[in-house]
Amino acid sequence: MNKININALIQILGMAGVIGSLIFVGLEMQQSHRIALSSQQQARTEIFTEIVNSYNESSATSLYGVLSKLQNNQSLSEEEKKMSENYAFQLLWIFENDYIQYQNNLIDENVWEAKLHSIRTVYSYCENRDALNYLLEFMNSKLSELLNVSSNAQCI
């Protein structure tokens, strides 16, 4: 009779060990996910910093100056048009990457909504429309749907 109790006790301890191990693995997975989210955010921040720095190095015009002109529907110089198109291309490539990360649960919902709003805003500028439509032809078709690409889409 004592052997049965000892065997039962050993089995219970074994099951408790397995359950404890599973809980530990689950906690480790959550931590790894949080680290991945943080790493992705840091990578995006570095990319945007590099974009702004490229404007600092290449022009007397700031990125904010160009974006303000676009938002207010002011005409751009040839240099500013080039800067605007290049920025729009960079942003669309980043957005495609963000979309893939979002599908894989590596971007928080609030961050995703902000990203979607940002790219829709850039897409709404008439100056960028042709360049972005061109680039969208070579990307995931879902991106066009997310941006509401259509021949009737209004631009600013």
Side-chain angles (χ1 to χ4, degrees), residues 1-58 62-68 70-71 83-125 127-156:
M1 193 112 155
N2 284 340
K3 284 187 176 185
I4 295 175
N5 289 336
I6 291 175
N7 286 337
L9 180 63
I10 290 172
Q11 287 180 356
I12 289 172
L13 290 175
M15 286 189 302
V18 169
I19 290 170
S21 296
L22 290 174
I23 290 171
F24 177 77
V25 168
L27 292 173
E28 286 293 313
M29 288 177 66
Q30 280 183 331
Q31 182 181 20
S32 295
H33 185 73
R34 284 192 302 272
I35 290 169
L37 289 173
S38 297
S39 296
Q40 292 301 325
Q41 182 61 37
Q42 180 178 350
R44 283 190 293 277
T45 300
E46 289 171 2
I47 289 170
F48 283 110
T49 301
E50 289 174 19
I51 290 170
V52 173
N53 283 338
S54 71
Y55 282 91
N56 291 338
E57 295 170 4
S58 67
S62 71
L63 176 60
Y64 174 74
V66 172
L67 294 176
S68 293
L70 285 170
Q71 187 174 19
M83 291 171 63
S84 174
E85 285 179 358
N86 288 343
Y87 174 71
F89 263 37
Q90 290 171 330
L91 202 61
L92 189 56
W93 281 317
I94 292 167
F95 180 69
E96 180 182 40
N97 181 52
D98 289 343
Y99 175 67
I100 292 167
Q101 291 178 28
Y102 173 71
Q103 287 183 315
N104 290 308
N105 295 320
L106 291 175
I107 291 183
D108 179 80
E109 188 69 32
N110 292 329
V111 172
W112 171 247
E113 289 299 323
K115 294 282 190 181
L116 190 55
H117 175 73
S118 175
I119 193 65
R120 283 178 175 162
T121 299
V122 170
Y123 184 77
S124 72
Y125 301 142
E127 287 286 341
N128 296 332
R129 183 64 59 85
D130 289 340
L132 290 176
N133 282 339
Y134 171 78
L135 187 56
L136 280 167
E137 292 177 23
F138 304 101
M139 296 183 151
N140 184 327
S141 62
K142 183 70 175 168
L143 297 179
S144 294
E145 293 173 28
L146 289 171
L147 294 177
N148 296 326
V149 173
S150 71
S151 58
N152 296 330
Q154 290 183 334
C155 59
I156 297 172

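Positions are given from 1, in the same order as the sequence printed here. Note: hydrogens, waters and symmetry copies are ignored here, and every other heavy atom, side chains too, is used. Everything numeric in this text was worked out from a predicted model, so none of it was measured.
Between Tyr87 and Val122, some side-chain heavy-atom pair lies under the 4.5 Å cut-off. Looking at Ile107 and Tyr99, their side chains never come closer than 4.5 Å, going by heavy atoms from C-beta outward. Side-chain contact between Met15 and Val18 is absent, with no heavy atoms from C-beta onward closer than 4.5 Å. The side-chain heavy atoms of Asn97 and Gln101, taken from C-beta on, include a pair separated by under 4.5 Å.
Residue pairs satisfying the salt bridge (Lys or Arg N to Asp or Glu O under 4.0 Å) criterion with at least one member in residues 92-106, sequence neighbours excluded, are listed as follows: Arg44-Asp98, Asp98-Lys115. Pairs engaging residues 99-109 under the salt bridge (Lys or Arg N to Asp or Glu O under 4.0 Å) rule: none recorded [sequence neighbours left out].
Atom-to-atom distance recorded for Thr121:OG1 and Leu147:CG is 10.5 Å, nearest 0.5 angstrom. Put simply, CG on Leu67 and CD on Gln71 are 8.5 Å apart, with the number rounded to the nearest 0.5 Å. One distance of note links CD1 of Ile35 with CD of Glu28; it measures 8.5 Å at 0.5 Å rounding. Here the CG atom belonging to Leu143 is positioned 11.0 Å from the CG atom belonging to Leu132, to the nearest 0.5 angstrom. Atom CG in Leu146 sits 10.0 Å away from atom CG in Leu136 (nearest 0.5 Å). Interatomic distance, Gln31 CD to Met29 CE, rounded to the nearest 0.5 Å: 12.5 Å.
Counting only distance, with no hydrogens or angles, the side chain of Ser118 and the backbone of Ala114 share no donor-acceptor pair below 3.5 Å. Between the side chain of Asn104 and the backbone N or O of Ile100, at least one donor-acceptor pair lies under 3.5 Å.
Tyr134 meets the side-chain contact (heavy atoms from CB on, under 4.5 Å) test with Phe89, Phe138; sequence neighbours excluded.
Taking each heavy atom of Ser124 and Arg129 in turn, the nearest pair found is CA-NH2, 3.6 Å.
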